[in-house]
Number of protein chains: 2
Amino acid sequence: MASHHPLPFDPIDRAAQLWQERIGPAATMAAVTNIMRVQQILQSSVDAALRPHGLTFARYEALVLLVFSRQGSLPMNVMGQRLQLHPTSVTNIVDRLQADHLVERNGHPTDRRTTVVTITEAGRQRQKAATVAITDIDFGLIGLDDTQTVQLTALLTQVRRAAGDFNQSS
Amino acid sequence: MASHHPLPFDPIDRAAQLWQERIGPAATMAAVTNIMRVQQILQSSVDAALRPHGLTFARYEALVLLVFSRQGSLPMNVMGQRLQLHPTSVTNIVDRLQADHLVERNGHPTDRRTTVVTITEAGRQRQKAATVAITDIDFGLIGLDDTQTVQLTALLTQVRRAAGDFNQSS
DNA sequence: GGGATTTGGTTGGGCGTCCTACTGTTGGAT
DNA sequence: ATCCAACAGTAGGACGCCCAACCAAATCCC
């Protein structure tokens, strides 16, 4: 039973709508709500596409990162920086990838604190198969043409920059 | 928090960059990555602002929904529809709100299956205080002017519509 | 009426993220 | 040379989301 209002404003969540009527920064609230919701949609789509391959998006990203690294291996802290993840999240992800024999943990030759993660041959194959699945569904991002996709990326990049997500100290 | 892990350089995640060099739909991947990351940033900002009030964004949204409902109460399934949440998530959220005496659970007068959630006076006050905190930080969304915020909302709404996010609300 | 189906809600489990706290290691400052 | 602050990684816990499975109630339908 969809309410068949042809168009204009149903697109915003009820909560945000009420905000618009009664509270202040409705536009911002609507944008935030939309980001939250779209992220959820994309996460769901992508994870569904990856599930048959035994991967989640987080683990897939980690595999991609390793595949495209020179040696097929990176220290865990570097992975955390690249993927913008908390150290404990990296530990968690690597744990699961290792349990699936997609990566290995090795000690660093000179710094005994650091652990180097190396992708296995099985990991490379898994990543390749998962890439097919994920590109087949366009990463779950649908409804936008190329121009709009670029536009969206630009806006979000601007937010990230304002939040100090990039130019942190080296 | 992002500041825990300084990112050395560039605008786009390393993984997305490499995609751009070597694989196909780089633009889409970049957009998806950005959405994921911005969501994370917003979630972090908002939750930080709400933490002193003992709330998370999910629970705050539930309170807002109840505050602006006619009776200050809604069935759980309706909350799930409005907030686009899985039934188990609603159970979880209401559990915690109830533990804080911000809402009550009551039986539905005619349908004994449904549980009606009602906000308490403490809940209304908590919501009000939290609203101040959250608007003070602009919901964590910074770096965009009003036009760009509207533009962003439009693009994301388009994605949600394409994903069928508005089709079933009954 | 009475069985089959649908619906509302909960439980248990998996996964991801963060936080705090802790062990080792490194390397600079005294 | 030694001490100490910073760093790398992990353990344990909280929270959120989802899925599968389940019970109870309502509804459909023969």
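Values below: every heavy atom of this structure, side chains too, minus hydrogens, waters and symmetry copies. The sequence lines fix the lettering, A, B, ..., with proteins before strands; numbering per chain opens at 1. Just so you know, these numbers come straight off a predicted model, no measurement behind them.
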**OP:** Inspect the surroundings of CG in A:D146 and state if more than 12 heavy atoms from other residues, nucleotides or ligands are less than 6.0 Å away.
**Re:** no
For this session: Using a cut-off of strictly less than 4.0 Å, decide whether A:H108 has a side-chain nitrogen or oxygen near OP1 or OP2 of D:dA8.
Result: no
Walking DNA chain C from its 5' end, the first of B:R105 and A:L55 to be reached, judged by nearest nucleotide, is B:R105
Presence of A:Q39 side-chain N/O under 4.0 Å of D:dC17 phosphate oxygens OP1/OP2 = no
B:M36 CE to C:dT17 P, in whole Å, measures 10 Å
To the nearest 0.5 Å, atom CD of A:Q40 lies from atom CE of B:M36 at 11.0 Å
The correct set of residues in residues 111-119 of chain B placing a heavy atom under 4.0 Å from DNA chain D is B:D111, B:R112, B:R113
Decide if atom NE2 of A:H108 counts as having more than 12 heavy atoms of other residues, nucleotides or ligands within a radius under 6.0 Å. yes
Quick one: do B:L42 and B:I142 end up in the same hydrophobic cluster if we chain Ile, Leu, Val, Met, Phe, Trp and Tyr together by side-chain heavy atoms under 4.5 Å apart?
-> no
Tested for side-chain contact (heavy atoms from CB on, under 4.5 Å) against B:V94, the lone hit among B:T91, B:V90, B:N92 is B:V90
Could you check whether B:R59 pairs with B:D47 (Lys NZ or Arg NE/NH1/NH2 to Asp/Glu carboxylate O, under 4.0 Å)? no
At a cut-off of 3.5 Å, list every protein nitrogen or oxygen paired with a nitrogen or oxygen from nucleotides 12-16 of chain D, distance to 0.1 Å.
unit_1, atom_1, unit_2, atom_2, d
D:dC15, OP2, B:R96, NH1, 3.2
D:dC15, O3', B:R59, NH2, 3.4
D:dG16, OP1, B:T56, OG1, 2.5
D:dG16, OP1, B:R59, NE, 2.9
D:dG16, OP1, B:R59, NH2, 3.2
D:dG16, OP2, B:R96, NE, 2.7

